[in-house]
Amino acid sequence: MKLNEADARPVRAKAAPKDALETPADLAVASGCVVAAGRHFDAFSPSARRDYVEWNVEAKRDETRASRIVIAAEWIAEGKTRQWKYKR
(Lines give C-alpha, C1' and ligand atoms only; values in the text may rest on other atoms or scores of the structure.)
Protein backbone atom coordinates (compact mmCIF):
# COMPACT_ATOMS: atom_id res chain seq x y z
CA MET A 1 0.00 0.00 0.00
CA LYS A 2 2.86 2.34 0.75
CA LEU A 3 4.14 1.87 -2.78
CA ASN A 4 0.72 2.66 -4.23
CA GLU A 5 0.40 5.80 -2.14
CA ALA A 6 3.90 6.91 -3.08
CA ASP A 7 3.13 6.11 -6.73
CA ALA A 8 6.32 4.07 -6.93
CA ARG A 9 6.40 1.86 -10.00
CA PRO A 10 8.76 -1.04 -10.50
CA VAL A 11 11.57 -0.45 -12.96
CA ARG A 12 12.01 -3.13 -15.57
CA ALA A 13 15.44 -3.95 -16.82
CA LYS A 14 15.87 -3.38 -20.52
CA ALA A 15 16.43 -6.44 -22.64
CA ALA A 16 19.93 -6.77 -23.96
CA PRO A 17 20.13 -6.05 -27.69
CA LYS A 18 20.56 -9.10 -29.87
CA ASP A 19 23.87 -9.60 -31.58
CA ALA A 20 23.91 -9.10 -35.32
CA LEU A 21 23.66 -12.36 -37.21
CA GLU A 22 26.16 -13.06 -39.91
CA THR A 23 24.47 -13.48 -43.28
CA PRO A 24 25.11 -16.98 -44.62
CA ALA A 25 27.22 -17.10 -47.75
CA ASP A 26 24.55 -18.70 -49.93
CA LEU A 27 21.97 -16.05 -48.99
CA ALA A 28 24.51 -13.29 -49.57
CA VAL A 29 25.35 -14.70 -53.01
CA ALA A 30 21.67 -15.00 -53.94
CA SER A 31 20.86 -11.46 -52.88
CA GLY A 32 24.07 -10.17 -54.47
CA CYS A 33 23.28 -11.73 -57.86
CA VAL A 34 20.38 -9.36 -58.33
CA VAL A 35 21.49 -5.75 -57.94
CA ALA A 36 18.11 -4.61 -56.62
CA ALA A 37 18.09 -7.39 -54.02
CA GLY A 38 21.48 -6.35 -52.67
CA ARG A 39 20.41 -2.72 -52.35
CA HIS A 40 17.13 -3.60 -50.67
CA PHE A 41 18.73 -6.09 -48.27
CA ASP A 42 21.31 -3.51 -47.17
CA ALA A 43 18.53 -0.94 -46.68
CA PHE A 44 16.43 -3.26 -44.49
CA SER A 45 16.38 -2.73 -40.76
CA PRO A 46 18.45 -5.14 -38.69
CA SER A 47 15.32 -6.98 -37.56
CA ALA A 48 14.15 -7.46 -41.16
CA ARG A 49 17.55 -8.84 -42.15
CA ARG A 50 17.49 -11.07 -39.05
CA ASP A 51 14.10 -12.47 -40.13
CA TYR A 52 15.49 -13.58 -43.48
CA VAL A 53 18.70 -14.98 -42.01
CA GLU A 54 16.95 -16.94 -39.25
CA TRP A 55 14.35 -18.24 -41.69
CA ASN A 56 17.09 -19.64 -43.94
CA VAL A 57 19.32 -20.95 -41.17
CA GLU A 58 16.56 -22.86 -39.40
CA ALA A 59 15.85 -25.04 -42.45
CA LYS A 60 16.78 -28.63 -41.69
CA ARG A 61 17.09 -30.05 -45.20
CA ASP A 62 19.29 -28.68 -47.97
CA GLU A 63 16.35 -28.72 -50.39
CA THR A 64 14.29 -26.58 -48.05
CA ARG A 65 17.13 -24.15 -47.57
CA ALA A 66 17.69 -23.86 -51.31
CA SER A 67 14.02 -23.18 -52.00
CA ARG A 68 13.90 -20.59 -49.22
CA ILE A 69 16.92 -18.82 -50.66
CA VAL A 70 15.23 -18.59 -54.07
CA ILE A 71 12.04 -17.22 -52.48
CA ALA A 72 14.02 -14.81 -50.31
CA ALA A 73 15.98 -13.48 -53.29
CA GLU A 74 12.73 -12.80 -55.17
CA TRP A 75 11.09 -11.04 -52.21
CA ILE A 76 14.19 -9.02 -51.37
CA ALA A 77 14.51 -7.89 -55.01
CA GLU A 78 10.94 -6.58 -54.77
CA GLY A 79 11.79 -4.77 -51.52
CA LYS A 80 9.52 -6.97 -49.42
CA THR A 81 10.28 -7.87 -45.83
CA ARG A 82 9.69 -11.44 -44.82
CA GLN A 83 6.34 -10.68 -43.19
CA TRP A 84 5.11 -8.52 -46.10
CA LYS A 85 1.81 -10.43 -46.37
CA TYR A 86 0.68 -9.26 -42.95
CA LYS A 87 1.48 -5.56 -43.30
CA ARG A 88 -1.27 -3.16 -44.21
Side-chain angles (χ1 to χ4, degrees):
M1 250 163 113
K2 289 179 185 179
L3 291 176
N4 287 339
E5 291 172 0
D7 198 30
R9 297 195 173 130
V11 178
R12 289 187 178 169
K14 289 187 177 182
K18 294 183 178 181
D19 294 333
L21 286 178
E22 187 174 322
T23 305
D26 46 1
L27 180 61
V29 168
S31 64
C33 288
V34 181
V35 177
R39 280 185 299 192
H40 287 298
F41 192 74
D42 292 339
F44 283 158
S45 66
S47 61
R49 286 188 295 236
R50 177 182 295 278
D51 276 345
Y52 275 114
V53 170
E54 287 178 347
W55 184 52
N56 284 301
V57 170
E58 71 186 14
K60 294 178 183 175
R61 295 182 9 210
D62 291 335
E63 297 86 16
T64 306
R65 185 178 175 126
S67 67
R68 286 184 182 180
I69 288 174
V70 170
I71 293 168
E74 290 174 8
W75 288 353
I76 293 169
E78 294 174 11
K80 296 178 179 178
T81 60
R82 189 158 121 49
Q83 304 299 332
W84 63 271
K85 295 181 249 180
Y86 307 109
K87 293 190 177 184
R88 293 182 185 191

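Only this structure's heavy atoms are used, side chains among them; waters, hydrogens and symmetry mates stay out. Each residue takes its place number in the sequence, starting with 1.
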**Report entry** R65: partners by salt bridge (Lys or Arg N to Asp or Glu O under 4.0 Å), with sequence neighbours left out
**Finding:** D26

Listed pairs under 3.5 Å, donor-acceptor, residues 74-81 side chains, sequence neighbours left out:
from	atom 1	to	atom 2	distance (Å)
E78	OE1	K80	NZ	2.9
T81	OG1	K87	NZ	3.4

Side chains of residues 54-64: which donor-acceptor pairs under 3.5 Å do they make with residues two or more places apart or in other chains?
from	atom 1	to	atom 2	distance (Å)
N56	ND2	Y52	O	3.0
R61	NE	E63	OE1	3.2

Quiz: residues 33-46 side-chain donor-acceptor pairs under 3.5 angstrom, not counting sequence neighbours:
from	atom 1	to	atom 2	distance (Å)
S45	OG	S47	OG	3.2
S45	OG	A48	N	3.3

